[in-house]
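All ligand and atom numbering here is 1-based and tracks the order in the structure.
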Amino acid sequence: VCLAVVRVGDDPASIVYVRNKKKACERIGIVSREVLLGAEISQEALEAELDQLAADEKVDGILLQLPLPKGLDEKKALAHIPAEKDADGFADENAGTLINGTKGTLPCTPRGIMALLSFYGVDPKGKHAVVVGRSAIVGKPAALMLLNADATVTICHSKTKDLAKWTREADILVAAVGRPGFITGDMVKPGAVVVDVGINRTPDGLRGDVDFEAVSEIASAITPVPGGVGKMTVCMLMQNVIDLKEQKAAAAVE
Ligand code: NDP
């Protein structure tokens, strides 16, 4: 099994993420092929690199580490990763399967959230799940997965009025905002399950989007940062690559 990880430029967070993904591959025996490209690469050259990996029989999954340096178009670049090698589950085709509730590759972070809930016996069915954040890689797919698991879902974002009114309604609260300590104790219903997706670099180290100290007193369960959703994201990336390899093998037999 082989995962190609493409990193463009020297974004410090991306360097750490790619290193962690590489380590996870090594630990479970997935071959990781790192493709490092300079920040000054042109859109065409980046797309040509991705096309080459797409055509390479030895490569089972491709991951383009985001964000890309300024001047490069992420959407256009991602379109060069075919669905059958889309390790991150970001391809339009995979987003479509999520909406239709059919089988496809799920984005790693929301898949990790669902795996965590399942592992700890939190069934979203009939619960009110509130997702703060509507990005295409976390908030929206997380909301759809919770909906597909029969939760009643509310999606909040920067234009939501009276945010705390909604978050206080949540049986399951997912914070994917990108602001350290944004969800405070008074925004959480006693007994809620709180999933903190945020990874924010602060002078005090990595912090989530949730005020952990205050909210852990109120919630029935809460994920830590670091060590919670971030770890699950890497696990689900490994699972996605294995799934892609198995699908390729099954298609070869047919
Ligand atoms: P984005 O910046 O793409 O999205 C942030 C979302 O938060 C947007 O939808 C935005 O609303 C919303 N938002 C911003 N400010 C407010 C506000 N004041 N009130 C309500 N909503 C607000 O971030 P991502 O989704 O990519 O990431 C979110 C966080 O999760 C980051 O900290 C990131 O580092 C982390 N992350 C962690 C991963 C992991 O593995 N644990 C993986 C990916 C991300 P609007 O759409 O209106 O602008």
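- In this structure, R179 is part of the shell of residues with a heavy atom less than 4.0 angstrom from ligand 1.
- Within the 3.5 Å criterion, the main-chain N or O of V138 finds no donor-acceptor partner in the side chain of T109.
- Ligand 1 has an N or O atom lying under 3.5 Å from an N or O atom of R134, backbone or side chain.
- Protein heavy atom in closest approach to atom 26 (O) of ligand 1: I137 CD1, 3.7 Å.
- Using modelled atom types, one finds a donor on one side chain and an acceptor on the other under 3.5 Å when comparing D51 with H80.
- Close approach of ligand 1 to V229 is summarised as follows: ligand atoms under 4.0 Å from at least one heavy atom of the residue are 41 (N).
- At a threshold of 4.5 Å between non-hydrogen side-chain atoms, the residues V8 and L46 count as touching.
- In terms of modelled atom types and a separation under 3.5 Å, the side chain of D86 and the main chain of A91 share a donor-acceptor contact.
- Among protein heavy atoms, atom 42 (C) of ligand 1 sits closest to T109 OG1, 3.3 Å.
- Remark: minimum distance from atom 19 (N) of ligand 1 to any protein heavy atom is reached at F182 CZ, 3.4 Å.
- Atoms of ligand 1 found under 4.0 Å from any heavy atom of G133, numbered from 1 in the order shown, are 6 (C), 7 (O), 9 (O).
- Here the heavy atom of the protein found nearest to atom 40 (O) of ligand 1 is T233 OG1, 2.8 Å.
- For atom 21 (N) of ligand 1, the nearest protein heavy atom (residue, atom name, distance) is H157 C, 3.1 Å.
- At under 3.5 Å, a nitrogen or oxygen of V197, whether backbone or side chain, sits near a nitrogen or oxygen of ligand 1.
- For D243 and Q239, the side-chain atoms include at least one donor-acceptor pair closer than 3.5 Å.
- Checking side-chain atoms of D209 against main-chain N and O of F182 turns up no donor-acceptor pair under 3.5 Å.
- One option in G139, P180, A176 has a heavy atom closer to atom 6 (C) of ligand 1 than any other, and that option is A176.
- When only interatomic distances are considered, the shortest N/O to N/O separation between Y17 and ligand 1 does not fall below 3.5 Å.
- Contacts between I199 and ligand 1, counted as non-hydrogen atom pairs separated by less than 4.0 Å, involve both the backbone and the side chain.
- Although no hydrogens or angles enter the test, the distance criterion places no donor-acceptor pair under 3.5 Å between the side chain of E169 and the main chain of H128.
- Atoms of ligand 1 lying under 4.0 Å from at least one heavy atom of N200, given by number and element, are 32 (O).
- Compare I113, V177, T223, T160 by their heavy atoms: the one nearest to atom 13 (N) of ligand 1 is in V177.
- At the shortest separation from atom 43 (C) of ligand 1 among protein heavy atoms lies V138 CG2, 3.7 Å.
- Those atoms of ligand 1 with a heavy atom of G178 less than 4.0 angstrom away are 28 (C), 29 (C), 31 (C), 32 (O).
- Contact check for L78 versus D92: no side-chain heavy atoms found under the 4.5 Å cut-off.
- The nearest pair of heavy atoms linking D60 to C2 is OD2-N, 2.7 Å.
- In terms of protein heavy-atom proximity, atom 48 (O) of ligand 1 is nearest to S158 OG, 3.6 Å.
- Of the N or O atoms in S135, one or more lie within a sub-3.5 Å distance of an N or O in ligand 1.
- Checking T102 against T97 by side-chain atom types alone, no donor-acceptor pair falls below 3.5 Å.
- For the 3.5 Å distance criterion, the side chains of D186 and T184 qualify, holding a donor opposite an acceptor.
- Test L146, V194, V132 against V174 for side-chain contact (heavy atoms from CB on, under 4.5 Å) and you get one pass: L146.
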